[in-house]
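Read through the structure below, which is laid out as structure tokens, and then see the notes.
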Amino acid sequence: MPEPVFDHETRRAIAALRLTFGRSLQGEGGASARSRRAGRGQEFHDHRGYVLGDDPRHIDWNLYGRLGELFVKRFRAEADLELRILLDRSGSMELGRPRKALMAARLAGALAALMAGFARDLEIRGLAPGLPRIGPTRPGAGAVEAIFAAIEALAPGAGRTALAAAGPELAAARNRLVVLISDFLDEPEELDRVLARRSPRCDVLLLGVLAAEELDFGVTGLVDFVDVEGGAGLGLRVDESMIAGYRRLLEERLETVARLAARHGGRFVLLRSDLALVEALDQLLRRGGLR
Amino acid sequence: MIVFASSAALWLVLPVAILLWERFRRRDRRRLVVGTISLWRRLAERVVVPTQRPRPPLELVLEALLALLLVVLAAGPLRRDEGATEVLVLVDDGPAMQVPARRHELERALAEIEHRAGRPAIVRQAPAGGDLGAALAALARDDRELWLVADDLAGIETLPEGAGLVVCAAPFANLGLAAAGLEPVADGRELFALVARSPSGPDRGARLVVTDASGRELAARELAFAAAEDRLACRLHLAAEPAGDVLLQLEGPTGPDFDDRLGIEHLAGGGRPLVLPFAGDEAWWAALAAAGLEPLRALTTGPEGAAAVMVTAGAAPEGPALVAAAAGIPGRLELRHDPALVGRRLEAGTELLADLPALAELAAARGAFFELLDPTLKVLARRGDRAVIVQDPARRQLFLAEPESANGWRESAAFPLLVTRLHRLLTEAEGRWRPEPAPAMAEIQGRAADPARARPAAPARPRVTESDLVPVVALLALLVLGALAFLRRRPSPRRESAGGH
């Protein structure tokens, strides 16, 4: 029997985070129409480094005069934000202990619950063929529970990651935050192509979830590797030097994903699937620029 | 050598080996499902993958060793120390051994010897004739365990020290006349008869009847066998001198089944009557000749007297030879071929078959019976017909021996019993023969079945010692178990598993 995605402990953790997150939001904006995320509102929030594609109108020229570097101003977004959570439901997400798909689903539910208070609408889509779309859901009573139930009802992941499905979501000319949750183990070229479709009004957060066994691979000896998505096989004698090589390649791959995210105006946050949800959300909010 | 008390338990090795192999195979190569193999493929393009198979992990080797030790423990290991490295069995495979029952005993004895030795034995056929004990002694070596399998105890005197002897005896199976003799006495004739009885023979005795040729009863005797008695000798006094032949009839409790006649027709063949001469030597010999018999005569070399041994002529005789023990016969008793009485010794090849040195020293009451050693029988088998006649010409004593086959006995061989008794007489009597009860049939059978008892004069010393190895193996198993526990407590990077497999 599969482990429930939103068990009692998970729900309690999400509820506690909602309280904290909601108070913070109320204290700063004083109105439910104000969003926590930096965006194109009227209230200044902070600076960040300029990247190609940023609106030149937001460059803080005063700061440039003092520091000699380009920074753009960030403002608190108004409550016209659309939240799109794109959930990788491919076969690779079913690996790991606990499964990456479980952590991804909990993160998606938690994000939806946290953003439900001020997002104009939110939608969760699976990045795999044939998965139903959840939402769009208007904020209100029962919206979170409806999202939880819909996520619980998702079929187990299978097949390849359909990254291309994220393209239209990113291309929409709306005030939108797109959260893409995946293990990003596929070749990064397609990710680059998808992110290139991002509209200037759309922010993107790449949320990587990897299993501890993938990050700290420790199996030695004769190993028949089988690709869970493609079914391809590869027999290798794995020793410590090979494991070190694998870790280097994985690190390079993750750096590439982070570089791509930054190039397209987004951020990349890597989380382990064996983290507690509270800890994972804390890392997400701090490193993802949502707090 | 390591042997096992319950060797059947060793079959447990098979399932244990299968389980261990399966475990080793699974350990040796594992299947790992990963999210993507692109990273590993890139790695494989960079590095040269060694093709040598990994050495089995120490833990698995210890597990296999532990399983093997447990199986060995279940089988009950014993260490068998043997004084000899090979077993040589000399088999007296002469004609007497060809009797089916004795062949069976021979096979059983060989199997028993090999079982006790725990290895195949080297079996050699004894040379025809000669001293079997001496022949065996000539084959003695420090690294050899020697056995003699014979149908008698003829070679026991020269049997090398430490050698084993198995006598393949076949029991009497019934009741019958084994021998008879007729002797003139002062007031008539006296008939001696020897009746043999097997364990399966009648317990209540039998009746021996002597008749003349017309069927008139001359004498009769009730025979009562003691429980352990296998043969009974008796004398019957014939007051009236028979005009012609006499007939001995043995009547058992079941009637006609035991109508064992004294084989007169068998002796003569073709239904001719047996002539029992009541006159002097010449008439006796003439009568035998008339019956178509070719006698042998045994004479002592000493001056005091002589004994005669005669055997019927024929192609393939069988049966025990009997020697009449005349009182005070000194010297050596030799068999000589008659009728020419040229004095040549009876020989078969190079073997002197009828040299009975100890017999001459015996002093026995008249009517006692002695049997010739088996080598003599071999000669008789070649010379006689179906019976043996022994006579003391001086005392006009005649003994007849009836072959069991002629009596219709189920078991045809009886030699070892006779020979055993003779051996006792020869070895235990000091100057005088003291009648002793014959060895019980069970004893003879026991010797044949149990090689350890085959040599009563010198019980075989234990050649094989076994020591229990269970404590040693159990200690080894505990050590291996301890090593396994130690290994399993140590953290090992191999124990980390990849996700999703």
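All of these numbers come straight from a predicted model, not from anything done at the bench. Letters A, B, ... are given to chains in the order of the sequence lines, protein chains preceding strands, and every chain is numbered from 1.
Of the two parts of Leu210(A), neither the backbone nor the side chain holds a non-hydrogen atom closer than 4.5 Å to a non-hydrogen atom of chain B.
Qualifying salt bridge (Lys or Arg N to Asp or Glu O under 4.0 Å) partners for Arg253(A), counting only residues two or more places apart in sequence or in other chains: Glu187(A). Under the salt bridge (Lys or Arg N to Asp or Glu O under 4.0 Å) criterion, Arg263(A) pairs with Asp192(A), not counting sequence neighbours.
Formation of a donor-acceptor pair under 3.5 Å by the Arg198(A) side chain with backbone atoms of Cys202(A) is found in this model. A donor-acceptor pair is defined here as one N or O able to donate and one able to accept, closer than 3.5 Å; no such pair exists between the side chain of Arg124(B) and the backbone of Val91(B). Listed for the Glu152(A) side chain is a donor-acceptor partner under 3.5 Å among the backbone atoms of Phe6(A).
Residues of residues 272-280 of chain A placed with any heavy atom under 4.5 Å of a heavy atom in chain B are absent; none qualify.
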Taking only distance into account, with no hydrogens and no angle test, what donor-acceptor pairs under 3.5 Å do side-chain atoms of residues 225-236 of chain A form with protein atoms, sequence neighbours excluded?
from      : atom 1 : to        : atom 2 : distance (Å)
Asp227(A) : OD1    : Glu229(A) : N      : 2.9
Asp227(A) : OD1    : Gly230(A) : N      : 3.2
Asp227(A) : OD2    : Ile37(B)  : N      : 3.3
Glu229(A) : OE2    : Ser90(A)  : OG     : 2.9
Glu229(A) : OE2    : Ser92(A)  : N      : 3.3
Glu229(A) : OE2    : Ser92(A)  : OG     : 2.7

